[in-house]
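The structure under discussion appears below in the form of C-alpha cells.
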Amino acid sequence: MPSATSSSGSFPPGFLWGSATAAYQIEGATAEDGRTPSIWDTFSHTPGRVENGDTGDVACDHYHRRADDVRLMADLNLNAYRFSVSWSRVQPTGRGPAVQRGLDFYRGLVDDLLAKGITPSLTLYHWDLPQELEDAGGWPERDTAYRFAEYAGIVAEALGDRVEMWTTFNEPWCSAFLGYGSGVHAPGRTDPVAALRAAHHLNLAHGLGTQALRSALPARARIGISLNPSVVRPLTPSAEDVDAARRIDALANRVFSGPLLHGGYPADLLADTAALTDWSFVESGDEALAHQRLDFLGINYYTPAVVSHTTEPDAPRTDGHGASAHSPWPGADAVAFHQPPGERTEMGWSVDPSGLYELLVRYGREAPGAALYVTENGAAYDDKPGADGTVHDPERIAYLHAHLDAVQRAVQVGADVRGYFLWSLLDNFEWAYGYGKRFGAVYVDFETQTRTPKSSARWYAEVAGTGALPGLPA
Ligand code: PNW
C-alpha cells in the first residue's frame with residue numbers, strides 16, 4: 001500500500017500546486033453579457049438528463065464571485081489555477097466576431113490571478129460546445145474542427161500577452177464517447193459511428209487549434225492537451241481477457257495518443273471497428289495535422305478499469321460512466337467491466353493510486369518531449385458541515401496523500417511531472433450527477449454560496465506551501 005512505499009523526498013523545484021475547475025461547472029450567469037446556450041445548457045434543461053433536474057444556471061456563481069474565489073486560492077497557498085473558457089460566452093454562435101464582455105471576464109480573472117502570483121492555465125474546451133454548432137451537426141461534423149481553430153485564435157489574441165499555459169481540450173474521450181456514444185453527457189446522442197467521427201474531429205481540432213495558437217501566441221507560450229487515459233487491467237491473465245483490455249486500451253487511449261503522439265490511428269482500432277465504419281471521414285493529411293508538437297501533456301486520473309471478455313448480453317458495459325443502455329465503447333460489445341474490490345469514493349470509483357503512477361510512467365515514455373502535469377485528480381465524498389460549521393474530510397486527505405505519493409514515485413523513476421491540479425477547488429456541478437457529488441477542497445453551500453475550506457484544503461495548503469508531503473494525521 002502507498003504508505004509502505006512512501007517516498008519522503010520533495011517535489012521538483014517550480015512544481016505547480018494548483019486546483020482545477022471548468023466553466024460550466026462553476027460560473028453560472030449562463031444568460032449574461034451575451035452568452036448563449038451551450039450543449040450543456042440544453043442537456044441539463046432536458047428533463048431526465050441530470051440527477052435531481054440540476055442545471056448550471058447558477059452553479060457556484062463564480063462569474064460574480066471571481067475575485068473572492070481567487071483570494072481563496074491565494075489563502076490556500078496555491079500557485080496555479082486551471083480553468084476553462086466558455087466558448088459561447090466569447091463567440092455566442094460559435095462563429096464570427098467575439099463578444100468583448102465575455103473576453104473581459106477572463107482577462108479580469110487572469111489579472112486577479114497574476115496579481116496574487118498564481119499561474120493561470122487556460123483550457124479552451126471543457127465540453128460546452130455552443131448549441132448553434134451542435135445544431136449544425138456538432139463534433140461528428142468536420143466543420144466544427146475549423147470553428148474551434150477560429151475560436152482558439154480569438155482567445156489567443158485576447159489573452160496571449162498574459163497566459164502562458166494553453167490547453168486545447170479537456171478529456172476528448174468524454175466529449176466523443178459519453179456525448180455521442182452512451183449519451184450520458186451532452187449532447188446526449190447514442191450513435192457509435194457519430195462517436196468515432198467526433199473523436200476524429202476532436203483530434204483534428206486539436207491540430208488545427210494548436211496551429212492557430214502557435215501563430216497568435218508569443219514564443220514563450222506552452223501548448224498541450226489534457227487526456228483521461230484509462231488504466232485498463234484484464235480481469236484474468238487469459239488471452240481473451242487480455243484481448244478485451246487491448247480493445248478498451250485502443251478505444252480509450254490509443255484513439256487519441258495514436259494521432260496526437262505518433263501521427264496515425266492504430267491498425268487494431270480500425271480493424272475492431274471495421275463493421276461500423278471504414279473511417280473514410282479521416283482525410284489524407286488529417287493524422288499528420290493532429291500530430292503537432294506538444295509542450296506538455298495533461299493527465300487526468302481517478303480510477304482504473306478492470307475488464308473481461310464476455311458473451312453475456314447483460315454484462316455491465318461501463319464502469320462509473322453513468323447509466324445508459326448504450327455503450328461508450330463502439331465495437332467492443334464483448335467486453336464486460338468489473339468493480340475491483342476495496343475502497344471506493346462516493347462516485348463508486350475504486351481508490352487505486354498505482355494507476356496514476358502507471359500512467360505517468362507510460363506517457364512519460366510515449367511523449368518524451370512533453371512535460372507532464374496531473375491536470376485532474378481528486379475524489380467525491382459525502383461531505384457535510386459539522387455542528388461547528390467545519391467540514392472534516394479525512395478520506396479526501398488520504399486519497400490526495402496516496403496519489404501525490406504516486407506522483408513522487410513516478411518523478412523518482414524519471415517522469416517529468418511539473419505540477420498537480422486538484423479536482424476541484426470548489427464543490428460544483430458534477431455533470432450528469434448534478435450537485436449531489438462533491439469533489440471540492442472547499443465546501444459550497446449552494447443555498448447561500450458560502451465557501452468553507454474542508455480539512456483537506458488546509459492539508460493541501462500545507463503541502464503547497466512546503467512542497468513536501470507531511471505524515472498522515474492519525
Ligand atoms: C472529469 N468517466 O470528468 C472532468 O474533467 C471533470 O469536469 C469532472 O468533474 C471530473 O472528472 C470528475 O468526474 C469525468 O466516466 C467524467 O470516465 C466521467 C469520466 C471521466 C472523467
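Just so you know, ligand 1 is whichever comes first in the structure, and atom 1 is the first atom listed for that ligand. Note: hydrogens, waters and symmetry copies are ignored here, and every other heavy atom, side chains too, is used.
For ligand 1, the atoms closer than 4.0 angstrom to any heavy atom of Glu376 are 1 (C), 4 (C), 5 (O), 6 (C), 10 (C), 11 (O). For ligand 1, the atoms closer than 4.0 angstrom to any heavy atom of Trp431 are 6 (C), 7 (O), 8 (C), 9 (O). Applying the 4.0 Å criterion to heavy atoms of Asn170 picks out, from ligand 1, the atoms 5 (O).
A donor-acceptor pair under 3.5 Å links the side-chain atoms of Ser88 to the main chain of Thr36, judged by distance alone.
Paired with Arg66 under the rule side chain to side chain contact (heavy atoms under 4.5 Å, CB included), one option of Ile26, Leu113, Asp112 passes, and it is Asp112. Tested against Pro385 for a side chain to side chain contact (heavy atoms under 4.5 Å, CB included), the candidates Thr390, Thr452, Val391 yield a single pass: Val391. Screening Val58, Asp427, Asp61 for a side chain to side chain contact (heavy atoms under 4.5 Å, CB included) with Phe446, the sole residue that qualifies is Asp427.
Phe169 has its ring centre less than 6.0 Å from the ring centre of Phe148. Taking the six-membered ring for Trp and the full ring otherwise, the centers of Trp431 and Tyr433 sit at least 6.0 Å from each other.
Selection from Trp423, Tyr24, Trp127 by nearest heavy atom to atom 3 (O) of ligand 1 gives Trp127.
Side-chain contact of Tyr302 with Thr345: a donor-acceptor pair under 3.5 Å is absent, judged by distance alone. Using modelled atom types and a 3.5 Å distance limit, the side chains of Ser257 and Asn253 yield no donor-acceptor pair.
Where the criterion is an N or O separation shorter than 3.5 Å, residue side chain and backbone included, Asn228 fails it with respect to ligand 1. Geometrically, ligand 1 and Trp349 share no nitrogen or oxygen pair separated by less than 3.5 Å. Distances between N or O atoms of Gln25 and those of ligand 1 include at least one value under 3.5 Å. For Trp173, no nitrogen or oxygen atom sits less than 3.5 Å from a nitrogen or oxygen atom of ligand 1, counting backbone and side chain alike.
For the pair Tyr302 and ligand 1, a heavy-atom separation below 4.0 Å is found. In this structure, His126 is part of the shell of residues with a heavy atom less than 4.0 angstrom from ligand 1.
Proximity of Asn428 to ligand 1, defined as any heavy-atom pair under 4.0 Å, is not found for any part of the residue.
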